[in-house]
Structures are given as C-alpha cells and as structure tokens.
Amino acid sequence: MKIRIFTAGLFLFVATLSFAQETEAPAFGKGLFNLMGKDSTFSMKIATRMQFLTVANWEKDADGGLVNPESNSLVRRSRLKFDGFVYSPKLEYKLELGLSNRDISGTSEFTSNAPRYILDAVVMWNFYENFELWVGQTKLPGNVERVVSSANLQLVDRSLLNSRFNIDRDMGIQLRHKTKLSDNFVMREKFAISQGEGRNVTTGNLGGHQYTSRLEFLPFGEFKGDYTGSDLDREKSPKLMIAATYDINQNAVRNRSNLGSYMTIDNETGFYETNINTLFIDAMFNYNGFSFMGEYAHRDAKDPLAKNSDGTLTGDEVQVGNGLNLQMGYLLKNDWEISGRYTNITLDENITGKSPEDQYTLGLSKYIVGHKLKVQTDLSYLNVDGGTDELMYRLQLDVHF
C-alpha cells in the first residue's frame, strides 16, 4: 500500500508539472519529459529505467557434475530519476529513486524501519571556474566500477571485487576540481567528507566520519567512456584514465566500512568501533571498439577483530584483504559485443576464515539503442579454494527511457 501511494504521488507530481510548463517529448533514451520553467530559472528531465533479470546457478560436485540447480527471475532494478538545474545552470541537482525490492531492501532500525527509496539526492554547485561543491547523498568517489551507472555496465552486473570492497553512497559533501596540465592531459581531484554509515541512515553518526580522496589522470584528454562500460563511441584515438582512491572511515561500526553488517558488542548494547582504510587503483581504456577496465582493491583495519568491552571476541570481523578485477571487451560493427572478466578475491583467511575465490566470466551483449535498450547474457565459473565451485548463467533486458 505504501508503495502504491508513493508511486501515485510521484506521477501526480509529474502530471502537475507537465500541465504547468511547456514540455517537449524527447527521443527514446533521452528521458520521458524535459521541462523548462517559463522564466528559465529551473529545468527538469524525468527518466525511468528497468532491468529484467533471469539467473540460474549450479554447484559442482566431487565428480565434476553439476548439482543443486536453482533459478530465479526478477525485476533487478527499477528507477525513477529527476535532474536539471535550479536558479542558475551552475546549480544542478539529481534525485534518483529505487522502486524494485532489491533497490529498497535493507530496512533496519538505522533507517527508521523505512524502505530505502532514495539512492541519490544531491545538489552540485559550480561555484568557481572548474570547482564544484556537491551536497547531499550520492556515490562516493570510489572504485570506477561502482561509479559506473548500473545502466551502463558491460556485463550483466558488477564484479565480486565491487560487492566485497566498494564504498557505495553516503550523506555528506564533496569538492571536485579539474586541472588541465597540458593541451590534452587532464587531472581531476575529488574529495569527500561523509557520515560513514551508508545511504538512508537516519540515526546519525554512530562512529566517526568518512574521508575519501581520489585523483584521476587522463593523459589523452577527457572522453565519454571514462565512466561507461564498453567503447560505444568507438574512440578514434586511444583514451585512458588512471586513478587512485584512498578512503578512511574513522571508528567505523560496520564490517565493510560503510557497508556490511553492524558489529555489536556486550549483548548488542553497543557497537565495536575501529578505523577502516580502503585503497583503490583502477584504469579505463577505450580505442576503436576495444575497452579495458582494471581494478585493484585493498582494505585493512586498525583492529579487525571485534571485541566486547571485557576484551572477549564477539565473532565479528572486518572483511580485510585484497581484490583484483580485469575486464575487457570488443564491440563488433553490428553492435554485438564479446566481453570477458577475471576477478580474484583474497580476504585475510586468518581473520575472516574465508578462502580465496577466482571468478571467470564470459559475456555477450547486443546494443539495440546503446545502453538504453540492450540484451545481455553471461556465464560465470566461480572457483573457491578448498570449497564448492559454482556455475552461474544470467540473461538480462535493459530498457531506459
């Protein structure tokens, strides 16, 4: 019932705006509506997108056969997006809402037991030359794969490195700047101070704050594909971005920095706090239909083993360790793309008790209208050192208005 009321209210709001302002129906993939205030003091583009996913999993037995088959079909993502400017084109905003079960899951006492509808709610102010100030909830400047929109992925979904190490979204402020070092060489600097608790947390700051710094180097100039999977632009000359992010979450209370489970102590009457540091080094390369993305992640903590106030272990631990992700693809002239990915996750087994994992993925995509309308499928083999290997097949349809 709450979702119905919420959705009805959104469409009523959109309908009201469309009657109040002049509208122009854009081409497919450019949004549902483009609104401009009569006095040109605000604009709004309204868009929506959907991802329909089918996934099948098997386990490998001791004889090499496939057993325990499982399958599922779901609306993987469903989003409603608003963006534009207010007062001046230098003051932009973005609001993105999640509507699928996967988008709004994660309800807890820390989110006031309410669905997590809000993904992004951020204002971006270009206050001086190449300086921008961002205020609100949005993605932190973390690993490149996480910042790439789920609408623009090269494979069906992101890698194991991202799921184990990413720092996702948070509430705070960001300062961004761009420097031109030569005719083509561009350096971008991004700094963020956030709560360190993750998105849609309403109980305040349980530990310390989170500090994120990222430097990006683009020796051959800026390009559209720096945060997009696949070289859909078929770059005529080589384009490269090399970047590094360092993130410090002071007195973090969750086992993956601002994500993961809360580390409670003393029969859940308090929280274990420790400093968690995360390093990302990544690169994006595009040229003539060929694309490559590489990522390295490392997480450590001041004291990764959670302890009660009397010094006894609670059984929780920070997920410390390393990850490596290598991905590449080639876009054919008929807009079919063949892609592949290798991911290694090596958490500290002495602390986490988890064995190293290697995942190999082969993907095939058909871009009908770029990333706006596409069909993607992939096959992944997961090798767990000393554990049970798994095979996964996925098929997904993306539709983005």
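The chain is numbered in sequence order, starting from 1.
For Phe292 and Tyr342, the gap between ring centers reaches or exceeds 6.0 Å. Aromatic pair Tyr211/Tyr246: ring centres not closer than 6.0 Å.
Residues Thr346 and Asn344 bring a donor and an acceptor atom of their side chains to less than 3.5 Å of each other. For the residue pair Asn200/Thr111, the side-chain donor-acceptor check at 3.5 Å is not satisfied. Residues Asn143 and Glu295 bring a donor and an acceptor atom of their side chains to less than 3.5 Å of each other.
Within a 6.0 Å radius of NZ in Lys30, no more than 12 heavy atoms belonging to other residues, nucleotides or ligands are found. For Asn72, the CG atom sits in a packed shell: over 12 heavy atoms of surrounding residues, nucleotides or ligands are nearer than 6.0 Å.
Side-chain contact check for Trp125 versus Glu132: every heavy-atom pair is 4.5 Å or farther apart. A 4.5 Å side-chain heavy-atom check between Glu145 and Met293 finds at least one atom pair inside the cut-off.
Residues forming a salt bridge (Lys or Arg N to Asp or Glu O under 4.0 Å) with Lys190 (at least two apart in sequence, or on another chain): Glu216.
Residues Ser163 and Leu160 share a closest heavy-atom pair of OG-O, 2.9 Å. In this structure, Ile167 and Ser257 approach most closely via the heavy-atom pair CG2-OG, 4.5 Å.
The salt bridge (charged side-chain N to carboxylate O under 4.0 Å, His left out) test with Asp103 singles out one residue from Arg77, Arg49, Arg116, Arg79, and that residue is Arg79.
Ring orientation note: the planes of Phe28 and Phe401 are nearly perpendicular, at an angle over 60° on the 30°/60° scale.
Contact check on Arg169 versus Asp120 returns a salt bridge, with a Lys/Arg side-chain nitrogen under 4.0 Å from an Asp/Glu carboxylate oxygen.
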